[in-house]
Protein chains: 2
Amino acid sequence: MSSNCSVNRPLPSRAVPRWDAEHDVVIVGFGASGACAAIEAVAAGADTLVVERASGYGGSSALSGGEIYLGGNGGTPAQRAAGFSDETADLYRYLMLAGGRDADEAKVRLYAEHSLAHHDWLVAQGLQYKNTFLSERMVEPETDDCLIWSGSEEAWPFSAAAKPCPRGHTPQWPGWGGGQMLMSVLAARVEASGVAVRYDTRAQALIVDEAGAVCGVVLRSCGADTYVRARRGVILCAGGFAMNREMVRRHAPMLLRSADPIGNPGDDGTGILLGQSVGAAAIHMDQGFVSLPFYAPESLIKGIFVNERGQRFINEDGYHGRTGWHALQQAGERIFLLVDNAAYAPPPEFTRIGIAAAGESWEEVEQELGMPEGSLSATVQSYNRHAAQGSDPAFHKAAKWLKPLDEPPFVALDCRIDYAFYPHFTLGGLDTLPSGQVVNEMREPVPGLFAAGRTACGLPRWGAGYSSGLSLADATFFGRQAGRHAASNALNLPSNTD
Amino acid sequence: MSSNCSVNRPLPSRAVPRWDAEHDVVIVGFGASGACAAIEAVAAGADTLVVERASGYGGSSALSGGEIYLGGNGGTPAQRAAGFSDETADLYRYLMLAGGRDADEAKVRLYAEHSLAHHDWLVAQGLQYKNTFLSERMVEPETDDCLIWSGSEEAWPFSAAAKPCPRGHTPQWPGWGGGQMLMSVLAARVEASGVAVRYDTRAQALIVDEAGAVCGVVLRSCGADTYVRARRGVILCAGGFAMNREMVRRHAPMLLRSADPIGNPGDDGTGILLGQSVGAAAIHMDQGFVSLPFYAPESLIKGIFVNERGQRFINEDGYHGRTGWHALQQAGERIFLLVDNAAYAPPPEFTRIGIAAAGESWEEVEQELGMPEGSLSATVQSYNRHAAQGSDPAFHKAAKWLKPLDEPPFVALDCRIDYAFYPHFTLGGLDTLPSGQVVNEMREPVPGLFAAGRTACGLPRWGAGYSSGLSLADATFFGRQAGRHAASNALNLPSNTD
């Protein structure tokens with residue numbers, strides 16, 4: 001068995017044949033986290049180099065919707081314009097719940113307190129928000145509008161823990177794919193700032209000094225190795241490992257159930273491997289974002305999901321990434337979304353959700369699906385009984401989505417795990433302090449090494465807690481943190497290295 | 001946040017102040033894997049040292065039941081005496097399924113083919129088996145009998161994949177706790193073989209040579225450091241990390257749901273941390289054995305488990321560690337085992353399983369538990385309807401356990417996750433080749449480093465596939481492998497090191 005990715009073991013600085021270049025900060029990867037790190041590093045006075053293995057900037061950030069999860073502090077302009085005042089404490093509580101049992105309290109606190117300032121910083125870089133609000137549930141705006149409900153804010157148990165507020169901020173960009181606008185804005189700032197950029201250049205290994213501090217990187221481009229000293233630090237912003245299926249197999253085998261990793265081919269774990277090569281810890285490596293983007297149309301949220309035993313498993317009004325993650329926890333490949341005639345609307349074609357069965361009664365649907373008698377039909381019966389009273393005692397779906405599924409014909413939409421679109425990417429990565437400082441398993445710093453974006457394990461670290469915009473929020477904010485802290489890092493000053 | 005365990009970064013051999021001792025093979029940890037590694041290393045002619053941080057041998061192996069999962073090759077003497085002929089292919093198929101989506105095919109194949117020979121080797125060391133069979137389902141024999149059903153062999157889907165055969169072999173030892181007999185036998189062999197043993201001695205750091213090969217270990221005892229060269233290799237047999245709650249939090253937060261880690265205090269991750277400090281990969285770190293030892297009495301297997309929504313989640317006739325693992329996947333703390341008067345028998349007191357509700361009808365029980373109307377009662381109704389026909393289409397419990405729960409009074413046994421006994425230990429660890437050779441994330445060898453037992457990720461690597469005796473089978477067999485291969489390892493011959 002071999003991986004489709006490899007890095008070399010760290011090179012002792014005394015074995016470096018020559019220093020081809022020297023910078024204060026070297027950043028590996030030019031997606032959103034790398035760009036933000038570079039901007040801040042330069043702003044802090046650091047001579048900065050960004051290396052990118054692809055032939056241009058962007059990484060997976062440029063392939064995304066560009067949504068960023070922002071709020072707190074009374075609300076962003078978009079939130080306030082829509083009539084929401086988002087308290088920092090609510091953002092904090094939401095993010096703590098979203099992080100799961102090992103939510104990173106220090107990062108959550110820092111982000112909640114500075115999220116509005118981060119918004120303003122992004123705008124200052126040139127990012128444009130229309131500051132309009134779309135109240136319908138959707139994956140991304142089809143228009144150039146800004147604010148959407150991008151998580152599970154209105155859904156139990158999040159709604160019980162924190163006052164709901166929409167926090168998904170999409171750049172002013174027509175339709176899906178605002179990530180390319182986000183990246184073009186950030187890249188323009190990077191270029192204007194005088195950062196050195198090398199494309200088509202891979203980081204092959206880290207260079208460590210006598211004391212074990214990271215003090216440089218071995219780069220490879222055009223078939224030749226280059227030895228670059230980093231006086232103050234190396235920042236790994238090289239994405240996650242969704243594209244490295246062997247690595248996924250060993251750490252997050254659940255994700256193998258889906259054939260749809262999303263991101264760019266560079267998400268092969270290189271950044272994580274480089275960190276591990278010098279003793280960094282990688283945490284929550286089993287976790288991933290897994291979606292089943294079954295809405296819009298939002299009327300489908302009035303349906304109920306069942307597994308192959310006809311059992312419900314989630315309140316359907318949560319974020320689609322929460323639904324998808326829970327679907328992947330179910331035994332068996334068959335997942336169905338049950339709707340009646342009133343709730344039915346064709347799901348988006350890209351979801352590959354077809355119709356598995358239809359009938360004039362739920363018993364007929366149950367039979368057509370080959371399910372045990374009294375399984376699916378009992379589930380619907382119980383759901384309908386309570387929905388008629390406006391409650392969902394089993395899963396706590398919010399009242400606005402509760403309507404008995406009693407208008408024939410009845411349909412079981414086919415959300416098979418081995419066929420429908422369950423896009424996924426990884427959430428596990430290097431353990432870091434809020435400063436971006438990489439730590440080992442004992443949480444001791446690995447001197448000179450920083451990480452951000454999906455190379456690190458950040459705010460999003462539990463699939464069931466994911467919300468759209470959380471990965472970019474984490475990548476941009478903690479990318480900035482890493483850039484700032486690496487720039488002021490004194491550990492690798494020349495006098496301290498060989 | 002600090003961990004309750006720490007290791008130092010690897011020491012370059014050129015920084016070693018003196019070599020206090022020199023051996024061919026140094027083994028860290030004197031549980032079952034360390035003992036077996038030592039016996040084989042000596043048998044292969046290696047001058048061998050075993051270091052153990054406790055004041056005596058044993059580790060968690062000595063605290064266990066001593067059960068070892070053995071079979072194949074037509075059957076062990078105990079299996080054959082009980083009328084079972086266990087084919088290697090069935091053992092192989094069972095172990096592949098038990099390993100989950102990333103079952104280690106190479107290890108499974110090797111173990112399936114050599115399991116009978118391993119049995120004979122254990123007996124040759126002095127381990128005594130009475131070779132009697134107890135057909136009742138139990139956690140461990142209360143007597144000195146040998147063979148029991150210790151896994152999910154007769155339960156779906158295992159029963160459909162491989163011909164069922166009991167494979168749990170318990171040493172001839174009165175009652176529970178046969179692990180101390182296993183360890184006393186192995187330790188006597190270690191001592192007789194001339195292996196050097198140092199107790200009250202911790203491994204603080206690995207020593208690496210110029211080429212990056214592990215060539216020694218820094219030991220600490222009586223407040224002083226000792227530098228020990230390992231000419232051929234170091235074998236890490238230092239247990240898992242169940243006792244290191246911070247490490248559990250970062251890798252296997254699901255296990256935090258249980259307050260009952262089992263093992264010895266040394267299971268704090270030291271072995272894994274030592275491996276990671278030199279670039280070793282740790283895999284499946286999220287996985288653990290989690291049990292709810294609700295049987296015996298085996299009549300309880302005729303009951304059904306439901307979560308707080310009144311939904312079943314597992315066929316109840318699988319291994320109790322499969323049931324416990326699935327219980328921990330359920331949302332909410334409340335788990336119930338529903339039994340009728342015919343199935344009821346008090347569970348063992350140590351399980352802390354009490355009675356949550358009782359009634360003359362299931363509706364009454366449902367109401368008493370505060371569950372939504374038509375939840376639990378519908379589940380029982382559906383179960384009873386099919387059970388009366390001898391089938392369990394939803395979860396495939398075997399026919400012998402199917403009996404409608406229709407004899408009042410009805411009882412919901414209280415298996416709350418935050419109160420009942422859910423013992424657990426970790427299954428993730430260093431990635432190794434079947435030889436015991438430790439590898440990095442690219443699966444390249446870390447020269448000179450071997451691992452076995454729960455410091456490694458072996459045959460058991462998925463909680464839902466665990467079976468009693470699998471961890472000791474893995475620890476003893478692959479401990480032997482590591483001892484043999486380390487002894488013949490040429491990489492660290494003196495001429496190759498500084």
Side-chain angles (χ1 to χ4, degrees), chain A residues 1-3 5-7 9-10 12 100-102 106 210 212 246-247 249-254 256-257 269 272-273 276-287 309-313 329 371-375 378-379 381-382 385-386 391-395 431 440-444 457 462, chain B residues 1-3 5-7 9-10 12 100-102 106 210 212 246-247 249-254 256-257 269 272-273 276-287 309-313 329 371-375 378-379 381-382 385-386 391-395 431 440-444 457 462:
Chain A
M1 178 161 52
S2 70
S3 140
C5 157
S6 80
V7 303
R9 37 177 99 228
R101 287 174 199 278
D102 187 41
E210 301 285 319
E246 282 305 319
M247 204 167 156
R249 179 180 306 279
R250 291 193 295 274
H251 296 284
M254 178 190 84
L256 296 174
R257 298 192 72 178
I272 295 169
L273 296 175
Q276 289 180 310
S277 77
V278 293
I283 62 173
H284 300 300
M285 292 288 282
D286 60 310
Q287 286 299 310
R309 286 147 178 158
Q311 299 174 308
R312 282 180 77 197
F313 53 87
Q329 311 304 311
M371 282 191 184
E373 185 192 335
S375 54
T379 298
Q381 195 182 350
S382 170
R385 183 191 309 131
H386 295 290
S391 79
D392 177 20
F395 289 92
D431 194 10
N440 67 15
E441 191 64 64
M442 278 92 65
R443 299 218 95 202
E444 300 159 344
C457 187
W462 179 44
Chain B
M1 178 160 54
S2 71
S3 141
C5 157
S6 79
V7 304
R9 34 178 101 228
R101 285 174 201 277
D102 187 40
E210 301 285 319
E246 283 305 320
M247 203 167 158
R249 179 180 305 279
R250 292 193 295 274
H251 295 284
M254 178 190 84
L256 296 175
R257 298 192 73 178
I272 295 169
L273 295 175
Q276 289 181 310
S277 76
V278 294
I283 62 172
H284 301 298
M285 292 288 281
D286 61 310
Q287 287 298 312
R309 286 146 179 159
Q311 299 174 308
R312 282 179 79 198
F313 54 86
Q329 311 303 311
M371 283 191 184
E373 186 193 333
S375 54
T379 298
Q381 194 182 351
S382 170
R385 184 191 309 130
H386 295 292
S391 80
D392 176 22
F395 289 92
D431 193 12
N440 67 15
E441 191 63 65
M442 279 91 67
R443 300 220 94 203
E444 300 159 345
C457 187
W462 179 45

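Computed from a predicted model, the values in this text were never measured in an experiment.
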What closest approach, in Å, do [X] and [Y] show between heavy atoms, and which atom pair accounts for it?
X	Y	value
A:Arg101	B:Arg249	O-NH1, 3.5 Å
A:Ala394	B:Pro372	N-CG, 4.0 Å
B:His284	A:Pro253	CE1-CG, 3.8 Å

In terms of heavy-atom proximity below 4.5 Å to chain A, should B:Glu373 be classed as side chain, backbone, both, or neither?
both

Would you mind checking which part of B:Val7 comes under 4.5 Å of any heavy atom in chain A, side chain (CB onward), backbone (N, CA, C, O), both or neither?
both

B:Gln329: what forms a side chain to side chain donor-acceptor pair (under 3.5 Å) with it, not counting sequence neighbours?
none

Using 0.5 Å steps for rounding, measure from the [atom1] atom of [X] to the [atom2] atom of [Y].
X	Y	atom1	atom2	value
B:Met247	A:Ile283	CE	CD1	11.5 Å
B:Leu273	A:Asn440	CG	CG	8.0 Å
A:Asp286	B:Gln287	CG	CD	7.5 Å
A:Glu246	B:Asp102	CD	CG	8.0 Å
A:Met442	B:Arg9	CE	CZ	8.5 Å
B:His251	A:Glu441	NE2	CD	3.5 Å

Taking B:Met254, B:Glu444, B:Arg257 one by one, which has the highest count of heavy-atom pairs under 4.5 Å against chain A?
B:Arg257

Pairwise side-chain contact, [X] with [Y], heavy-atom cut-off 4.5 Å (strictly under):
X	Y	result
A:Arg309	B:Gln311	no
A:Met285	B:Met285	no
B:Arg443	A:Arg250	yes

Which bit of A:Ala282 comes within less than 4.5 Å of chain B, counting heavy atoms only: side chain, backbone, both or neither?
backbone

At a 4.5 Å cut-off on heavy atoms, which part of A:His386 comes close to chain B: side chain, backbone, both, or neither?
side chain

Of all residues at least two apart in sequence or in a different chain, which pass the salt bridge (charged side-chain N to carboxylate O under 4.0 Å, His left out) check with A:Asp392?
A:Arg312

Among A:Trp462, A:Phe395, A:Phe313, residue most engaged with chain B (heavy-atom pairs, under 4.5 Å):
A:Phe395

